[in-house]
Each structure stands twice: as structure tokens, then as C-alpha cells.
Amino acid sequence: MGVRGLQGFVGSTCPHICTVVNFKELAEHHRSKHPGCTPTIVVDAMCCLRYWYTPESWICGGQWREYFSALRDFVKTFTAVGIRLIFFFDGTVEQDKRDEWVKRRLKNNREISRIFHYIKSHKEQPGRNMFFIPSGLAIFTRFALKSLGQETLCSLQEADYEVASYGLQNNCLGILGEDTDYLIYDTCPYFSISELCLDSLDTVMLCREKLCESLDISLADLPLLACLLGNDIIPEGMFESFRYKCLSSYTSVKENFDKKGNIILAVADHISKVLRLHQGEKKLEEMLPLGPNKALFYKGVASYLLPGQKSPWFFQKPKGLVTLDKEVGSMSSAPESKQEVPMCTDPESKQGVPLCTDPDSKQGIPMCTDPESKQGVPMWTDPESKQGVPVWTDPESKQGVPVCTDPESKQGVPVSTDPDSKQAVPMCIDPGSKEGFFLCTHPESKQGVPMCTHPEFKQGDPVCTHPESTQGDPVCTYPESKQGVPMYAYSEYRQGVPMCTYSESKQGVPMCTHTEFKQKSPLGADPEFKLEAPICTNPGIKQEDLVNMEPEMKQQVTMVSDPEILKIARAHHVQAESYLVYNIMSSGEIECSNTLEDALDQALPSQAFVYRPVRQRVYSLLLGGGEGGTPNLKLLWLNQDAGIQARRLDALLGCFDLSSSREELQAVENPFKALCCLLTYLFVQVDTLCLEDLHAFIAQALCLQGKPTVQLVDLQLDYIDARAVQLGSLLVRGLTTLVLVNSACGFPWRMSDFMPWNVFDGKLFHQKYLQSEKGCTVEALVEQNEIDSMSLTIGEDTPLPGGPTDAHQLEEDRPARR
């Protein structure tokens, strides 16, 4: 996380940049300096999860009551000294950081394997050195903080950028986190969460100004340094040879410093003594071995620039804009013809531009020189960009048509201006109709392919002409095969979806692309394919060089076109009131972090597979547009009629395929209603679960209600069972799935009903699991609690809504305890 090697460098080589400070004193100073302004700390919550999770037990699924108490104490401590806290959570994984995210998940998988090996060998929880945060901790922390009255936000991009931006723009006291990227951003002070002593409110402030002083560079150089060292965007190996080259020429190598420390010093020295000599005169690619990674490197540097900030390392190209309302300022001799040519002066570049005289209007028209023929070519000025474009004269109409030069053939191609994007688009002229068609360039053949403009969303799509119908169909080019695939435009979504053409009927069928396997399959195909989401990513949309593109110019292509629905989903996302809904609707992608699961236990399937049918139904609900029997989102989200809550509940139960169990679930009291829904789904979905597992799940939920937190803290376990560890994680992941479904369906249930501190405790479940395995009676498991409070009986009469009517039948249907 952050800049490679910088954390260790600060601790070992530059410890003087770390200063012990006291938050109470800083807050008092802030109030005296800014009267009427509440001292505010922006908290990068994802960096703080390990610090906040103080319970000793972490292996059994989470000690949620203890964790909630720790969060409450944290908030109270800062509130007591008048400090306002604002918490930011990661709301998405940016594509540029996807590879790094995957590497961390794979690394976590290896750590989890070692954890289960230890459990099986020692029958106990590993030490804190193998600590792994309980599943769902980040998700439920959002809701815990909101229930504590804290302002909690979920980012629309990488959280560290939004944290740094908020801190800068709102004159905050500082940022609390554990990420060296905050040493690179030019924002408010950065404080370490790992060094925080909650009792005294002392911590360490890391000063970026002192870091720059030690490295003999400026604040504006820090983003360049970070990218040369490697970060979440720039792989560490990309500039490895460059760094060693800097080290070999570095004359001040410190023998008492480690190798990484000397590398950082050497790269900083190269920036200050070599690169700075040509700053603003040469482009970075002329000074650094960027090669094919130029765009990625520029993007990495730009990722540290907060709103309103610029980098002196970005070479500013002079803008040569030509307009027609110029006065002829001088005459110039063309080198080939030796004739004098009228010139006008471009007010932007101050350079002379040749003019030719239009024989009809008698007005001067700017010219450009064709590099091949060396002849002057008339230019047309784009009214939006004010840039000059060569003109081709139509022999039929005698009218000038703007052209662009094909880089392969060196020939001019007529262009037309797209009325929406205002950009010039190549055209071909149909000899029959004399009408122009937009062209796009095929990535392999480099030839122009006709495009059609969809009347709904007005975007140009490549077309292929069906041999039977002779009509052009839009196509989408897949990055794997490089082949064009016909597109079908959904009028509801106003988006193009790839089509596959069946050889018998030659009719196109909409396709969906699985984001994980990149397989293409017709929508509505065999459900065994279990494709997650009906999406197509347009590979033709390429990101421009960030050097010349402002962040606000980025156009987001969303899966849902209804702006009202998307706005509501976005608001719920930003306010941390929902989970994954906006991610699905905006990008068609969701992420799930690692779970404590035993990869060697083939009897229990992974939680990702267990809950995939639920996710698939959620995708259909959110992206189906109310078609195919799915409820309309406007009805579920906006309608306030008396009966709409019942419709929302029907949608939720439908996602779990439990519509037939509605009446039984309605009879169950809160907060057990949602838990019963989840358990019913689990025991239908996973046939290796047995009756003893059910007893343990329900008994711990019943007993949890009457136990104070201190009693849960003191609970001791005889030993740790690997299967029980995975079952605890499986249930918690089910609770996060309930949050997703409840959010998508318009919140038919209260979120508090499936917050884990109300229905689950890891150690308590583990205790009940071990007791159930030993054959303890139902009465002993529930500790004489009234079972009827859940309106169900364990071991007698009706066990679960929607299940068999005889508990003995259920026991026969389930495998015996191994």
C-alpha cells in the first residue's frame, strides 16, 4: 500500500520527519487560529480496521459486540476533546490498481492457507503475527459508525484521493491513516493511526516538508518520485533498472543505510540534479525511459494532483489555434514556389499562418502545407476547438469537406463533426446515395469500418453488413480475438450489447460477457454457465493521455441509463447507506475480498459459489429494467404507497428463492427474521450442512441476546475447529449478502436486523458448535432460553420456514456429523 519502500525509509533513514504530537493540543491551536471552525480529522477507515479490531479472538468469525464497543470508545475519545471525525471507505477498485488488488488477494489466500494449516496442527488460534481481519469487517464498520452518529462516506474512486481532497478543501486538522501516499499528496498534515495512543491522544505526524528537505526536492517533485519508486499504479519492476542506474551514479551512498534507502536517495538526487535542469523544456519521455508505459506513468503522476493543482513536470504544448477572423499581417515566401504568400498571425502561438484566397468569397483562407506534395492545402476551422483542419473539395458540390490524414496511407479522409462530442469523425461517401457514413479504424487491419449512430444514445458504433439483409449492424470489437461482433441496442438501457449470430437462422442474439472468464454466451443461455452479469465492456473506448485531460472530462459509461435511478443509487453509495448496488449499476463490476475458508475442505463450498445465485438475481433486478418479470426499480425505490413495502419484501425473498416461505418468515420476530431467511437459504443450497450446524447457529443467536459484552470477552473455548471457523465466515458473508439484497430491493427490512453484533458472535457460535458436536441437548445449547421467541422449535415440530415439517425427517435428509 502506498509508495514502495517509503515507510521503511522514513522509519530508518529519516526518522526526524516523524514528530510526536497531541491531538487535544492541535485542536486547541486550530480553534484559536480559526475561530468558529470545528477541528476536523479525515479518517481513512480502511487503514484503521486493524487498529480498531482489538478483540483477542479473530479466528471464529468476529467478536462483533466487542468490536462495536471499541469503535464507540474511539469516537467518544475524540468527541470529548471537540474533534469532529469524518470517515471515508473505499467504494471501488480503480482499473489502474486492479492488478495490485489481485496480487494482494492472492497473497492473502496464501496467508489463509497457512492459518488453516496451523489450526489443524495445533487446534488453537494462531498468534497476532498471523492476524487476518474477520470477513465483512469493512462493510459492517460503515454501519456501526453511522449508528454511532458519525459522518461516514463511501468513495466513488480510490478513497485516498478523496480523503486528501477533502482534507485540503475543508481546511481540516489532518488525515488519520496508514498510507505513505499521504506523504505524497500536497494536502493537510498526515497522522499515523498505528502510533495513536487513544488514552493520551498522542500520535506521530509525518511531515512531507521535512521529507523534501532531506531529499533536496520540492513538494511538486514528490508525485514523480513516488512513480519512479513504484506505487499501486506503477508496478515496482517497471523502473527497476532505472533505479539501479541512478544508484550506480549516486556519489553519496550511505554505508549505514539499507539498499532501499540508498535507492530512494539516489532517485531523488537524479530528480534534483539531472531532471530539474530540463524541467519545463523537455517532456518526461525525453528524460526518462518510459517506453510503452508513457501513458500509465503520466496517469500515475496525475493521480496525486488534487483539484486545482498542476505539476511542473507536465510539458505544456503550445496551442496553435487558427481562426478565420485574422488580419493579414505580413507576406512570406514559400520555399518551394518562391512566391510570396499572405500570412496571418495566430494570436495564441504568435506564429504566422499562410493564407489562400477563396475564388468565390474572395476571402483569405488559412492553408497548411501537405508534407508529401509540399503543396498548400486549404484549412477549415473547427468552431468548437478553433483548430485548423485540411479541406477536401467535393467535385460534385464544389464544397469543401474537412479531411484527416490516414497515418497508413498518408491520404486525406473526409471528416464530419459529431454534433454531440464536437469531435471530427472520419467519413466514407456512399457512391449511390452520396451520403457520408462515419468510419472507425479496425485495430488489426487499420482500415476504416462504417459506423452507425444509434438514435437513442447517439453514439457511433462500427457496423457490419449482414450478407442477407444488406443492412449495417453495430459491432463491438473484443480485445481478445480482435474480431468485430454485431451489437444489439437495447431501447431500455440505450446501450449496445454484443450479439452472436446463429448460422441456421442468421439472427443475432444478445450476448453477455463474464468479467472473470471473458466468455461470451447468449443471454438466457443454459444457467449452468452461471454467468454473473449481462455486460459488455466497449474496448474501443480508450483513455486519453492524462497530461492533456482534466478529470472532469472523463465520461463514465454506466450499465443503467435512467438518470433518476442512478442518482439515487449514487447518493446511497456516497452516504454509505447501501452496499455494491451503485457499483453494479455504474460499472457492472463488484469485488469481494478474501474469506477465511479452507481450500482443502472440499465438503464445504466457497461462499462465493454459495451466494452466487442470489447475486445473479440481484443483477437481474438492478439491470433488467423491469423486464422479464423483475420488479421496476422506480416502483421499489420511489413509490411510497402503503402496499409497496410488501412488494419490496417479495423482491427480497425472490432473490433468495424463498417466496413460498413469506408467511412463516413474517411470523418470526426481529432481529431473527433475516437470520432465519439466511439459514433457510444456506441449508437448501449447501447439502453438506447438518442438523447440528443448524442447532449451533440458532442457539448462539438466542443466547447472544441476553449476554453482556464482558461475558462474551471472558468466554473460553476448549479448542478451535477448522470447519467451525469456515462456517462462521460463511454466515457472516451471508449477512453481507443480505445487506446487498436489502439495498437493491428498497430496504424492506431494517439494516440493524442483520448487523452481526445483533445476531452473531464468533466465539459463542464456536462454543455452541463444539457442544452440539458432543451431543448436548437442545435445552443445554440454548441455556434454557425460550425457543418460542423465534417462533420455531429445534429438534421438534417445525424446524425452519419452508423446510420439512418433521425435524426427524430433516435429520435423515442431512449427513451425519463426521
Side-chain angles (χ1 to χ4, degrees), residues 45-46 48-77 87 89 132-150 152 576-579 593 595-596 668-679 696-715 717 724-725 727-743 747 749-769 782-783 785 789-790:
M46 301 299 289
C48 300
L49 294 178
R50 287 176 176 268
Y51 175 89
W52 288 331
Y53 192 86
T54 56
E56 181 182 347
S57 173
W58 49 270
I59 198 72
C60 301
Q63 301 310 109
W64 296 98
R65 286 271 182 92
E66 293 179 60
Y67 180 65
F68 189 88
S69 297
L71 286 177
R72 183 169 50 213
D73 292 341
F74 181 87
V75 170
K76 280 184 176 180
T77 302
F87 299 87
F89 287 82
F132 197 87
I133 63 172
S135 301
L137 193 69
I139 302 161
F140 292 120
T141 302
R142 301 182 201 173
F143 294 99
L145 291 169
K146 291 186 77 70
S147 69
L148 292 169
Q150 298 304 293
T152 307
E577 296 170 347
S578 65
Y579 172 55
S593 190
T595 303
L596 279 176
V668 180
E669 297 177 3
N670 292 326
F672 306 113
K673 193 176 298 182
L675 180 64
C676 284
C677 171
L678 179 58
L679 290 176
F697 278 128
I698 295 181
Q700 68 86 28
L702 280 172
C703 296
L704 179 63
Q705 308 309 310
K707 290 187 181 294
T709 303
V710 64
Q711 190 174 346
L712 296 171
V713 173
D714 296 334
L715 188 64
L717 299 173
V725 169
L727 285 179
S729 296
L730 181 64
L731 184 82
V732 173
R733 283 299 184 195
L735 295 176
T736 66
T737 304
L738 267 169
V739 176
L740 164 62
V741 177
N742 199 51
S743 304
F747 308 98
W749 283 339
R750 300 177 307 179
M751 285 290 196
S752 60
D753 288 345
F754 33 89
M755 292 298 109
W757 45 88
N758 290 329
V759 293
F760 180 80
D761 181 87
K763 278 200 300 184
L764 186 59
F765 165 71
H766 217 92
Q767 183 192 59
K768 300 303 175 186
Y769 178 91
V782 299
E783 301 173 11
N785 279 278
S789 64
M790 290 182 68

**Q** Looking only at heavy atoms, what is the nearest atom pair of Ala724 and Tyr769, with distance?
**A**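 Here Ala724 and Tyr769 meet closest at CB-CD2, 3.5 Å.
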**Q** Can you tell me how far apart CG (Leu717) and SG (Cys60) are? Round to the nearest 0.5 Å.
**A**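 If we round to the nearest 0.5 Å, Leu717:CG and Cys60:SG are 5.5 Å apart.
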**Q** OG1 of Thr736 to CD1 of Ile139: how many Å apart, nearest 0.5 Å?
**A**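 Those atoms lie 4.5 Å apart.
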**Q** Of the non-hydrogen atoms in Gln63 and Leu712, which two are nearest, and what is the gap between them?
**A**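 Where Gln63 meets Leu712 most closely, the heavy atoms are NE2-O, 4.5 Å.
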**Q** Between Phe89 and Thr141, does a side-chain contact (heavy atoms from CB on, under 4.5 Å) hold up when you go through it step by step?
**A** CA-CA 9 Å; Phe89 287 82; Thr141 302; 3.8 Å; yes
**Q** Check whether any side-chain N or O of Gln700 sits under 3.5 Å from a backbone N or O of Asp761 as a donor-acceptor pair, and report yes or no.
**A**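 Answer holds: yes.
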**Q** Decide ring-ring contact (aromatic ring centres under 6.0 Å, His included) for Phe74 and Trp52; before the verdict, give the C-alpha distance in whole Å, the side-chain angles of both, and the deciding distance to 0.1 Å.
**A** CA-CA 8 Å; Phe74 181 87; Trp52 288 331; 5.4 Å; yes
**Q** For the OG atom of Ser69 and the CH2 atom of Trp64, what is their distance to the nearest 0.5 Å?
**A**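 Between atom OG of Ser69 and atom CH2 of Trp64 there are 13.5 Å.
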**Q** So how far is it from Arg733 CZ to Thr595 OG1, rounded to the nearest 0.5 Å?
**A**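 OG1 of Thr595 is found 3.5 Å from CZ of Arg733.
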**Q** Report the distance from atom CG of Asn742 to atom OG1 of Thr737, rounding to the nearest 0.5 Å.
**A**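 That separation rounds to 12.0 Å.
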**Q** Identify the residue among Trp757, Phe760, Phe140, Tyr53 that makes a ring pair (Phe, Tyr, Trp, His ring centres under 6.0 Å) with Tyr67.
**A**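 Single ring pair (Phe, Tyr, Trp, His ring centres under 6.0 Å) partner of Tyr67 among Trp757, Phe760, Phe140, Tyr53: Tyr53.
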**Q** Please test Leu704 against Arg65 for side-chain contact (heavy atoms from CB on, under 4.5 Å), starting from the C-alpha separation and ending with a verdict.
**A** CA-CA 10 Å; Leu704 179 63; Arg65 286 271 182 92; 3.7 Å; yes
**Q** Testing the basics here: between Lys673 and Val668, what is the closest heavy-atom pair and its distance to 0.1 Å?
**A**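 That would be CE-O, 3.0 Å.
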**Q** For the residue pair Asp753 and Val759, what are the closest heavy atoms and their distance?
**A**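 So the minimum-distance heavy-atom pair works out to O-CG1, 3.6 Å.
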**Q** Is there a donor-acceptor pair closer than 3.5 Å between any side-chain N or O of Lys763 and the backbone N or O of Leu715?
**A**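 Checking the backbone N and O of Leu715 against the side chain of Lys763, a donor-acceptor pair under 3.5 Å is found.
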**Q** Report the distance from atom CZ of Arg750 to atom CG of Asn758, rounding to the nearest 0.5 Å.
**A**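 Spacing of CZ (Arg750) from CG (Asn758) equals 9.0 Å.
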